[in-house]
> 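Dumping the structure here so I can ask a few things about it.
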Amino acid sequence: MAHVLIVEARFYAHLNDLLLAGTRAAIEAAGHSHETVTVPGALEIPAAVALASESDRFDAYVGLGVVIRGETYHFEIVAGESARGLMALAMDGLAIGNGILTVENEAQALERADPARKDKGGEAAKAALAMLALRERWG
Ligand SMILES: Nc1c(NC[C@H](O)[C@H](O)[C@H](O)CO)[nH]c(=O)[nH]c1=O
Ligand SMILES: CC(=O)[C@@H](O)COP(=O)(O)O
């Protein structure tokens, strides 16, 4: 059984609750365990994963968050750098699923966070578990 760390950036709590539900359901359906930590925003997710990976506690990681475009360039920074940080960690060999929504508005976020609709939280969990399986196959 794998143990998965979910790192959630709880910037929009009601949307995160939907993402978490999908992620947790997918992990449990696959017969694995999980625990969750919360960080302030998506920019902090990669560093939290990096810190957690220094222990031997976790087999895979899922980053969850919602980044909604505002008035400034900050959207590009938050969206791009959180994704780049997770990709860098994945290229270092961590099994990671990226469930950070980067959207134009709340309606787009809601459709993607809802497990009954696009279930991006569940999708990210399945991606992390798929990468873990690859690492165990070739590692
Ligand atoms: N605007 C959003 C943010 N911004 C906060 C940053 O992620 C970060 O916490 C801050 O810059 C301090 O380092 N975060 C989100 O997750 N979603 C947003 O829409
Ligand atoms: C994604 C963001 O950082 C954004 O929500 C911040 O809004 P603004 O660009 O209007 O400051």
Side-chain angles (χ1 to χ4, degrees):
M1 180 172 76
H3 189 50
V4 182
L5 177 65
I6 303 166
V7 181
E8 64 148 1
R10 208 164 174 79
F11 210 78
Y12 299 97
H14 65 297
L15 296 170
N16 269 63
D17 287 339
L18 291 169
L19 285 169
L20 276 171
T23 296
R24 288 167 172 166
I27 294 169
E28 292 165 9
H32 302 299
S33 61
H34 56 79
E35 63 185 273
T36 302
V37 293
T38 300
V39 294
L43 278 183
E44 283 74 43
I45 293 175
V49 171
L51 287 172
S53 71
E54 292 174 9
S55 74
D56 290 332
R57 184 183 178 92
F58 308 105
D59 303 295
Y61 304 83
V62 179
L64 296 179
V66 179
V67 186
I68 299 178
R69 187 181 297 277
E71 298 174 354
T72 70
Y73 187 73
H74 199 229
F75 172 85
E76 277 71 16
I77 295 298
V78 176
E81 290 303 297
S82 57
R84 188 182 63 80
L86 290 182
M87 183 60 72
L89 291 165
M91 297 299 286
D92 273 345
L94 294 186
I96 298 175
N98 184 342
I100 303 172
L101 304 182
T102 54
V103 296
E104 299 299 324
N105 54 58
E106 181 165 349
Q108 288 181 353
L110 195 55
E111 183 179 3
R112 288 152 181 81
D114 188 348
R117 289 193 279 177
K118 293 191 175 182
D119 192 23
K120 293 302 182 180
E123 184 178 290
K126 291 171 186 174
L129 293 173
M131 295 310 291
L132 176 60
L134 275 185
R135 195 178 69 195
E136 289 173 343
R137 177 178 173 185
W138 294 330

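In listed order, ligands and their atoms are each counted from 1. Here the structure is a predicted model, which is why all the values come from computation and not from measurement. Every heavy atom of this structure was used, including side-chain atoms; hydrogens, water molecules and symmetry mates were not.
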> Any donor and acceptor pair, going by atom type alone, linking the side chain of Asn16 with main-chain N or O of Ala9 inside 3.5 Å?
yes

> Mind checking the CG-CZ spacing from Leu134 to Arg137? Nearest 0.5 Å is all I need.
7.0 Å

> Is a side-chain donor or acceptor of Glu81 paired with a backbone partner of Val78 at a separation under 3.5 angstrom?
no

> With heavy-atom distances below 4.0 Å as the criterion, list the atoms of ligand 2 near Gly70.
4 (C), 7 (O), 8 (P), 9 (O), 10 (O)

> Using the rule given for side-chain contact (heavy atoms from CB on, under 4.5 Å), can you reason through Lys120 versus Ile100, listing the C-alpha separation, both sets of side-chain angles and the distance that settles it, and then say yes or no?
CA-CA 8 Å; Lys120 293 302 182 180; Ile100 303 172; over 6 Å; no

> Considering only protein heavy atoms, which is closest to atom 8 (C) of ligand 1, and at what distance to one decimal place?
Glu44 OE1, 3.4 Å

> Against heavy atoms of Val67, which atoms of ligand 2 measure under 4.0 Å?
1 (C)

> Using a heavy-atom cut-off of under 4.0 Å, does the side chain or the backbone of Phe75 touch ligand 1, or both, or neither?
neither

> In the protein, what heavy atom is nearest to atom 4 (C) of ligand 2, and what distance, to one decimal place, separates them?
Ile68 O, 3.7 Å

> Side chains of Arg69 and Thr102: donor-acceptor distance under 3.5 Å anywhere?
no

> For atom 11 (O) of ligand 2, grab the closest protein heavy atom and report residue, atom and distance to one decimal in Å.
Thr72 OG1, 3.7 Å

> Check step by step if side-chain contact (heavy atoms from CB on, under 4.5 Å) holds for Val49 and Leu86.
CA-CA 8 Å; Val49 171; Leu86 290 182; 4.2 Å; yes

> Below 4.0 angstrom from a heavy atom of Gly41, which ligand 1 atoms are there? Numbered from 1 as shown, please.
7 (O), 9 (O), 14 (N), 16 (O)

> What distance do Tyr61 atom OH and Ile6 atom CD1 have between them, rounded to the nearest 0.5 Å?
13.0 Å

> Can you list the ligand 2 atoms lying under 4.0 Å from a non-hydrogen atom of His74?
2 (C), 3 (O)

> In the protein, which heavy atom is nearest to atom 19 (O) of ligand 1, and how far is it?
Ile68 N, 3.3 Å

> What part of Ile77 sits under 4.0 Å from ligand 2 if we count only heavy atoms: the side chain, the backbone, both or neither?
neither

> So which heavy atom in the protein is nearest atom 16 (O) of ligand 1, and how far is it from that ligand atom?
Ala42 N, 2.9 Å

> With respect to Glu71, determine whether any N or O atom, backbone or side chain, lies less than 3.5 Å from an N or O atom of ligand 2.
yes

> Decide whether an N or O pair under 3.5 Å exists between Val78 and ligand 2.
no

> For a quick test of reading the model, state the closest non-hydrogen atom pair linking His3 to Glu35 and the distance between them.
NE2-OE2, 2.6 Å

> Using modelled atom types and a 3.5 Å cut-off, is there a donor and acceptor pairing between side-chain atoms of Arg117 and backbone atoms of Ala113?
no

> List the closest protein heavy-atom neighbour of atom 14 (N) of ligand 1: residue, atom name, distance to the nearest 0.1 Å.
Phe11 CD1, 3.5 Å

> Report yes or no: does Arg135 contribute a side-chain atom to a donor-acceptor pair with the main-chain N or O of Gly93 at less than 3.5 Å?
yes

> In ligand 1, which numbered atoms sit nearer than 4.0 Å to a non-hydrogen atom of Tyr12?
19 (O)

> Out of all atoms in ligand 1, which are within 4.0 Å of some heavy atom of Leu43? Include the element for each.
7 (O), 8 (C), 11 (O)

> From atom 17 (N) of ligand 1, work out which of Ile100, Val66, Val78 has a heavy atom at the shortest distance.
Val66

> How long is the straight-line distance from CD of Glu8 back to CG of Leu20, given to the nearest 0.5 Å?
4.5 Å

